[in-house]
Engineer: 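So that we are looking at the same thing, I have put the structure below in structure tokens.
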Amino acid sequence: AWQLVESGEVSVQAGGSVRLSCEISGYIVGRKCIGWFRQVPGKDREGIAAIDPAGYGTYYHDSVKGRFTISHDNAKNMMYLQMNSLKAEDTAMYYCALEGPSNIVVAVSRTCSLGYWGQGTQVTVSS
């Protein structure tokens, strides 16, 4: 079975930077799209970044374009989300995810839904 494990909870001041990491086990990175989504209580899940390693396409939500960068290390089966110029509105629970059936749809080099995810990690940005 696939397992995704994110790095721990972080708190940062507005304008700061954080890198989230995600270890994916039971799956070889490169065959499915992978990505990150976030959720704030009372709001829908929001796909914010994704990459299709096979096609090299990437997706970023408008709210994070130019500030967040998704990357992966196939040799280590790791995925990362570098978050710069953080804003208070970036405060949310962040989940790394693997392609699978869901309503969290992103457009990389093809349409991809993020259906399997880890336990999530809280990111808090203070203004």
Side-chain angles (χ1 to χ4, degrees):
W2 300 312
Q3 186 174 17
L4 301 96
V5 179
E6 295 98 344
S7 48
E9 177 177 347
V10 293
S11 295
V12 63
Q13 289 192 326
S17 298
V18 166
R19 188 177 82 155
L20 301 182
S21 61
C22 173
E23 181 176 9
I24 307 173
S25 59
Y27 160 71
I28 299 173
V29 175
R31 297 180 181 176
K32 291 180 177 287
C33 75
I34 52 178
W36 296 83
F37 67 89
R38 64 188 180 187
Q39 187 167 28
V40 175
K43 294 189 176 181
D44 290 337
R45 297 184 183 114
E46 179 179 71
I48 56 170
I51 189 166
D52 179 359
Y56 301 97
T58 55
Y59 162 85
Y60 293 98
H61 191 274
D62 286 346
S63 64
V64 307
K65 277 181 183 176
R67 300 188 299 122
F68 290 12
T69 303
I70 186 173
S71 62
H72 62 98
D73 184 331
N74 287 3
K76 297 180 179 179
N77 261 21
M78 294 291 293
M79 174 169 57
Y80 306 96
L81 184 68
Q82 178 67 41
M83 304 189 293
N84 299 327
S85 301
L86 283 160
K87 306 174 182 179
E89 51 264 43
D90 293 318
T91 295
M93 186 72 81
Y94 285 74
Y95 298 84
C96 64
L98 179 65
E99 184 172 6
S102 85
N103 61 357
I104 309 169
V105 180
V106 294
V108 284
S109 52
R110 56 182 174 80
T111 299
C112 166
S113 59
L114 301 174
Y116 304 100
W117 52 83
Q119 82 283 1
T121 187
Q122 177 67 38
V123 175
T124 303
V125 184
S126 56
S127 57

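Just the heavy atoms: all of them, side chains too, but no hydrogens, waters or symmetry mates, feed the values below.
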Engineer: Say you draw a straight line from CD1 of Ile104 to CD1 of Ile48; how long is it, rounded to the nearest 0.5 Å?
Structural biologist: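 The CD1 atom of Ile104 sits 11.0 Å away from the CD1 atom of Ile48.
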
Engineer: So, do Ile51 and Ile34 sit near enough that their side-chain heavy atoms are less than 4.5 Å apart?
Structural biologist: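 With C-beta onward as the side chain, the pair touches.
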
Engineer: On a heavy-atom basis, which atom in Gly35 and which in Leu114 lie closest, and how many Å separate them?
Structural biologist: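 What the structure gives for the nearest pair is N-CD2, 4.0 Å.
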
Engineer: Which heavy-atom pair separates Leu4 from Leu98 by the least distance, and what is that distance?
Structural biologist: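 Looking at all heavy atoms of both residues, the shortest contact is CD2-N, 4.0 Å.
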
Engineer: Of the non-hydrogen atoms in Ser85 and Ser17, which two are nearest, and what is the gap between them?
Structural biologist: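 Scanning both residues, the minimum pair turns out to be N-OG, 4.3 Å.
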
Engineer: Could I get the full list of side-chain contact (heavy atoms from CB on, under 4.5 Å) partners for Arg19, not counting sequence neighbours?
Structural biologist: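 For Arg19 the side-chain contact (heavy atoms from CB on, under 4.5 Å) partners, ignoring immediate neighbours, are Tyr80, Gln82.
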
Engineer: Measuring from Thr121:OG1 to Leu81:CG, what's the distance to the nearest 0.5 Å?
Structural biologist: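 Those atoms lie 11.0 Å apart.
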
Engineer: Are the side chains of Lys76 and Glu23 in contact, using a 4.5 Å heavy-atom criterion?
Structural biologist: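 No, their side chains stay 4.5 Å or more apart.
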
Engineer: Find out whether Ile70 and Trp36 are in side-chain contact, i.e. whether some heavy atom of one side chain is under 4.5 Å from a heavy atom of the other.
Structural biologist: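 Touching, per the 4.5 Å side-chain cut-off.
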
Engineer: Going through the distances and angles, do Ser63 and Arg38 end up as a side-chain hydrogen bond (donor to acceptor under 3.5 Å, both in side chains)?
Structural biologist: CA-CA 12 Å; Ser63 64; Arg38 64 188 180 187; 3.2 Å; yes

Engineer: Under the rule for ring pair (Phe, Tyr, Trp, His ring centres under 6.0 Å), what residues qualify as partners of Tyr94, not counting sequence neighbours?
Structural biologist: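 Applying ring pair (Phe, Tyr, Trp, His ring centres under 6.0 Å) to Tyr94 gives none.
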
Engineer: Only counting residues at least two apart or in another chain, list the ones meeting side chain to side chain donor-acceptor pair (under 3.5 Å) with Asp62.
Structural biologist: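 Here the qualifying residues are Lys65.
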
Engineer: From Leu20 CG over to Met79 CE, what is the distance, rounded to the nearest 0.5 angstrom?
Structural biologist: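 Atom-to-atom, Leu20:CG and Met79:CE are 10.0 Å apart.
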
Engineer: NE2/His72 to OG/Ser21 distance, rounded to the nearest 0.5 angstrom?
Structural biologist: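 Here the interatomic distance stands at 15.5 Å.
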
Engineer: What pair of heavy atoms forms the shortest contact from Trp2 to Gly26, and how long is it?
Structural biologist: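 In terms of heavy atoms, the two residues are closest at CD1-O, 2.8 Å.
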
Engineer: Just jot down the salt bridge (charged side-chain N to carboxylate O under 4.0 Å, His left out) partners of Glu89, sequence neighbours excluded, or say none.
Structural biologist: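 For Glu89 there are no salt bridge (charged side-chain N to carboxylate O under 4.0 Å, His left out) partners, ignoring immediate neighbours.
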
Engineer: About how many Å separate CD of Gln39 and CG of Asp44, when rounded to the nearest 0.5 Å?
Structural biologist: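 Taking CG in Asp44 and CD in Gln39, the distance rounds to 7.5 Å.
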
Engineer: Check this for me, if you would: do Lys32 and Asp52 make a salt bridge, where the nitrogen-to-carboxylate-oxygen distance has to be below 4.0 angstrom?
Structural biologist: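 Answer for the salt bridge query: no.
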
Engineer: Test of understanding: with salt bridge (charged side-chain N to carboxylate O under 4.0 Å, His left out), list the residues that count as partners of Glu99, not counting sequence neighbours.
Structural biologist: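 Glu99 satisfies salt bridge (charged side-chain N to carboxylate O under 4.0 Å, His left out) with Arg110 once adjacent residues are dropped.
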
Engineer: Not counting sequence neighbours, list each pair that qualifies as a disulfide (SG to SG under 2.5 Å) and has a residue in residues 73-127.
Structural biologist: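 Those involving residues 73-127 are Cys22-Cys96, Cys33-Cys112.
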
